[in-house]
Amino acid sequence: MASHSADRDRDGRLVLIGGGAKRVLGRVFLVGAGPGDPELLTLKAAKALAAADVVVHDRLVSAEVLAMARTARKIHVGKRKSRHSVPQDGINTLLVALALEGLNVVRLKGGDPFLFGRGGEEMLACREAGVPCEVIPGITAAMAASALAGAPLTHRGLAQSVTFVTAHAASGGEPDLDWSQLAKGNQTLAVYMGVSTAGTVAAKLIAAGRSGSTPVLIVENISLPQERRISTTLSTLVEHVSGLDGPAILIIGEVAALADLIVPTRDNSETVVLGSRA
Ligand code: SAH
């Protein structure tokens with residue numbers, strides 16, 4: 001793209017000038033879709049969806065949120081754990097190509113684009129190609145779990161800090177984390193992609209000094225009708241993860257004990273209590 005330069009047209013839109021030709025450049029919006037409930041989108045995200053020509057989305061984006069991009073073409077590049085249906089390089093190339101066609105592109109991602117979302121790579125690819133890229137933050141899974149379950153991530157006397165970690169590991173491998181740091185008390189761990197490695201995470205934390213009785217809150221499908229919350233401890237964590245099949249986050253630390261396990265159903269007519277720390 002080095003032989004191109006950018007200018008603006010009369011409407012202030014960027015125009016790519018190269019080889020004597022002028023083209024109106026589209027724009028890429030990296031949009032955080034939040035945890036699933038469309039009411040947890042930002043107003044900016046809703047506006048970007050309504051104005052999009054094309055939406056490039058992952059598997060974790062709910063159908064209700066996608067429906068907000070009524071007229072846009074939808075391209076699913078779904079990611080499921082390590083099985084990416086479109087490799088990251090292909091997604092980067094696609095975003096750039098669509099913007100170079102002059103389209104308004106929304107790259108819609110679960111939660112926040114810059115937290116375990118590979119949004120940084122997409123932003124850099126746009127920058128390198130001279131394509132304008134704007135980031136619209138979303139409510140990340142840990143914050144949604146914290147708010148909806150009533151387990152503050154920090155709490156006076158219980159947790160002075162919170163660490164967001166990914167426990168993703170190449171198949172058969174172990175997450176590469178600083179266990180002695182993570183095992184220190186007075187802090188909360190919000191563990192993403194930790195269902196398949198939960199047994200290892202618990203064992204490593206206990207071996208590094210965190211008590212087996214440390215409370216853990218598992219929240220699956222946060223904010224969606226099929227949301228489930230399970231309350232357990234580090235030493236019994238592994239017994240509770242086998243039945244999970246949706247995305248789930250682990251909140252590890254004393255704050256997890258503050259969670260209210262009475263889960264209101266969508267119409268608030270009933271409540272369901274799941275799991276017990278006893
Ligand atoms: N960018 C996303 C994270 C993507 S990594 C964010 O900011 O939330 C995917 C992991 O996020 C999942 O393995 C799970 O740990 C967590 N996650 C995403 N959506 C979730 C949901 N609705 N409920 C529970 N966990 C979720």
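Note that ligands are numbered from 1 as they come in the structure, with each ligand's atoms numbered from 1 the same way. One-based numbering along the sequence shown.
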ring-ring contact (aromatic ring centres under 6.0 Å, His included) against Tyr192, all qualifying residues, sequence neighbours excluded:
Phe116

Using the side chain to side chain contact (heavy atoms under 4.5 Å, CB included) criterion, which residues pair with Ala72? Sequence neighbours excluded.
Ala52, Val55, Ala69

Can [X] and [Y] be counted as an ion pair, charged N to O under 4.0 angstrom?
| X | Y | result |
| --- | --- | --- |
| Arg210 | Glu254 | yes |
| Glu122 | Lys109 | yes |
| Asp53 | Arg27 | no |

Between the protein and ligand 1, which nitrogen or oxygen pairs come in under 3.5 Å, and how far apart is each?
from, atom 1, to, atom 2, distance (Å)
ligand 1, 1 (N), Gly110, O, 3.0
ligand 1, 1 (N), Asp112, O, 2.9
ligand 1, 1 (N), Leu115, O, 2.7
ligand 1, 7 (O), Asp112, N, 2.9
ligand 1, 7 (O), Thr140, OG1, 2.6
ligand 1, 8 (O), Thr140, OG1, 3.3
ligand 1, 8 (O), Ala141, N, 2.9
ligand 1, 13 (O), Met193, N, 3.4
ligand 1, 15 (O), Met193, N, 3.0
ligand 1, 15 (O), Ala248, O, 2.7
ligand 1, 22 (N), Pro35, O, 3.1
ligand 1, 22 (N), Ile222, N, 3.4
ligand 1, 23 (N), Asn221, N, 3.4
ligand 1, 23 (N), Ile222, N, 2.9

Please identify each residue that fulfils salt bridge (charged side-chain N to carboxylate O under 4.0 Å, His left out) with Glu239, with sequence neighbours left out.
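For Glu239, no residue satisfies salt bridge (charged side-chain N to carboxylate O under 4.0 Å, His left out) once neighbours in sequence are set aside.
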
